[in-house]
Amino acid sequence: MTFDLSKIVRPKIYNLEPYRCARDDYKEGVLLDANENANGPVPRDLAGLNLHRYPDPHQIEFKTAMANYRNRTSSFKDITPLTAENLCLGVGSDESIDAIIRATCVPGKEKIMAMPPTYGMYSVCASVNDVEIVKCPLVTSDNSFQVDTEAVLDTLKKDPLIKLVFITSPGNPTGAKIETSRIEKILQNWDQGILVVDEAYIDFCGGSTAPLVNKYPNICTLQTLSKSFGLAGIRVGMTFTSKEFAKVLNSMKAPYNISSITSEYALKAVEDDAFTAMEENAKAVNKEKQRLLKSLTSLDFVDDQYVGGIDSNFLLLRINKGDNKLAKALYRKLATESAVVVRFRGTELGCEGCLRITVGTPEENDILIREFAKQLKALASTC
Ligand SMILES: Cc1ncc(COP(=O)(O)O)c(C=O)c1O
């Protein structure tokens, strides 16, 4: 393996000098360096929040706390611990996905690989950047929705223009955590690009690959505050990667992408008791997920197994052995007559007749179970 980051990152980006401001050097005093409005914000009642000042571009305190948490909960041994230097923050992991594509893929020439059924933003970002997407499907035949490691490596060997491989673990919409051995096999046998492991839902099952970024030079692990931390509204995504690639990503990002308000709440999310609360919250979601699974799969016309896995905060259930017509009708009836909104996923590869259902509060889940049973029964009686 001869991984060379300077050959993976686009040359102009690899050599980019990060934007620097006077405040990188001097933070205190009469601050007349950044063309802010010293008279304070409008409306006036926002005075005192310091919102007339630009936010901190580096967010070291947040990154350090998050790195320490992933070190504390790591299942790997003998790997150099993560530090703030292994991290770059984005406006949600959606911005991180876009940034990694822009950093590595030459538009109109280079490609990414994604593994359907998967999260839709990889292909949206690829299109926006004029980057082709090569698809290597997950294994659907045995309902496992694992990565087909051999097929992936074979495709990568044949196509040197593929610069990024996106694995979603646990998967969306599949809910299946990808076995770490499969991820490591790709990392060990491919040095022509970067493997991006999107772990938006990892805290619902544990076993993050983030610590691997100090073992392999060719991995990025994406995480977010949107799911297990319940902070989708503040928009924080995290890229864990080698210090060398993190430096590149930090150089190319907009300097003030994390707002002061976002930063304030993100820091609250990494206080020690907040990590405990997040873990308890994930446990509660998992308990409710089991209850939902039992109730819904006991209904007529719902297959008695989940599809993929149950490693996230949602279920993927198949209606009537893959009946898209019934599943779509149920989806519509739930939304329009019961005011319960789930997601129809029946057109995704291997997900025929599937609905993706996010685990709600116990009260919301009670409503879902009741309305799901009622609407499905009504529909089935007219089939
Ligand atoms: C697999 C996956 N990755 C990333 C995201 C985006 O997360 P964020 O809110 O951090 O942009 C989602 C959101 O649903 C997701 O399902």
Side-chain angles (χ1 to χ4, degrees), residues 59 62-63 66 70 87-102 112-126 128 133 135 138 145-147 164-178 183 194-205 207-210 219-241 249 253-254 257-259 261-263 265-266 269-270 278 282 285 289 307-316 341-345 348-349 351 354-360:
Q59 304 292 332
F62 174 83
K63 289 174 180 173
M66 193 52 88
R70 293 300 171 200
L87 274 151
C88 178
L89 303 186
V91 181
S93 31
D94 284 343
E95 188 188 48
S96 313
I97 293 164
D98 183 67
I100 294 168
I101 294 176
R102 269 188 296 132
I112 69 165
M113 177 190 280
M115 303 180 193
T118 191
Y119 182 50
M121 277 307 278
Y122 313 133
S123 66
V124 171
C125 290
V128 167
I133 184 158
K135 293 181 180 164
L138 296 172
F145 289 82
Q146 283 295 316
V147 169
L164 295 174
V165 172
F166 282 90
I167 288 180
T168 319
S169 178
N172 176 8
T174 69
K177 181 170 184 245
I178 302 303
I183 291 171
I194 292 173
L195 176 59
V196 183
V197 186
D198 183 342
E199 292 188 348
Y201 301 96
I202 195 67
D203 292 316
F204 298 103
C205 60
S208 170
T209 59
I219 177 172
C220 278
T221 298
L222 302 184
Q223 292 178 359
T224 177
L225 293 188
S226 296
K227 310 295 179 181
S228 56
F229 289 85
L231 287 169
I234 70 167
R235 312 303 299 130
V236 175
M238 298 156 263
T239 304
F240 292 84
T241 190
L249 293 173
K253 81 174 180 69
N257 63 337
I258 304 300
S259 77
I261 295 169
T262 292
S263 169
Y265 288 109
V270 291
M278 179 276 281
V285 167
K289 185 168 60 188
V307 179
I310 47 169
D311 300 321
S312 298
N313 64 343
F314 54 81
L315 292 173
L316 189 65
V341 184
V342 298
R343 189 101 197 256
F344 173 69
R345 297 277 74 188
E348 300 291 310
L349 185 80
C351 302
C354 284
L355 295 178
R356 194 192 68 193
I357 302 157
T358 309
V359 178

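Quick caveat, the model's predicted, so the values are computed rather than measured. Every number for a ligand or one of its atoms is a count from 1 in the order of the listing.
The atoms of ligand 1 that sit less than 4.0 Å from any heavy atom of Tyr201 are 1 (C), 14 (O), 15 (C), 16 (O). Each of the following atoms of ligand 1 lies closer than 4.0 Å to a heavy atom of Ser226: 8 (P), 9 (O), 10 (O).
Ranking protein heavy atoms by distance to atom 11 (O) of ligand 1, first place goes to Arg235 NH2, 2.8 Å. Atom 3 (N) of ligand 1 has Asp198 OD2, 2.6 Å as its closest protein atom, hydrogens excluded (heavy atom only). In terms of protein heavy-atom proximity, atom 7 (O) of ligand 1 is closest to Ser93 OG, 3.2 Å. Shortest contact from atom 12 (C) of ligand 1 to any protein heavy atom: Tyr119 CZ, 3.3 Å. What sits closest to atom 13 (C) of ligand 1 on the protein, heavy atoms only, is Lys227 NZ, 3.2 Å.
One N or O on the side chain of Asp311 and one on the backbone of Lys177 form a donor-acceptor pair closer than 3.5 Å. Proximity of a side-chain donor or acceptor of Ser93 to a complementary backbone N or O of Ser96 within less than 3.5 Å is not detected. Ser169 places no side-chain N or O within donor-acceptor distance of the main-chain N or O of Asp198, the cut-off being under 3.5 Å.
The neighbour count for Ile261 CD1, taken as heavy atoms of other residues, nucleotides or ligands under 6.0 Å away, does not exceed 12.
You'll find the side chain of Cys351 reaches within 4.5 Å of the side chain of Pro173, heavy atoms only. No side-chain heavy atom of Val196 sits under 4.5 Å from any side-chain heavy atom of Tyr122.
The side-chain contact (heavy atoms from CB on, under 4.5 Å) test with Leu231 is passed by exactly one of Thr262, Val236, Thr224, Leu225: Leu225.
Inclusion of Thr168 in the set of residues having an N or O under 3.5 Å from an N or O of ligand 1 is not warranted.
The closest approach between any non-hydrogen atom of Met121 and ligand 1 is not below 4.0 Å. Assignment of Glu95 to the shell around ligand 1 is not supported, since no heavy atom sits closer than 4.0 Å.
In this pair, Tyr201 and Phe314 present their aromatic rings perpendicular. The plane angle is above 60°, beyond the 30 to 60° band.
With a 4.0 Å cut-off on non-hydrogen atoms, Asp94 touches ligand 1 through its backbone as well as its side chain.
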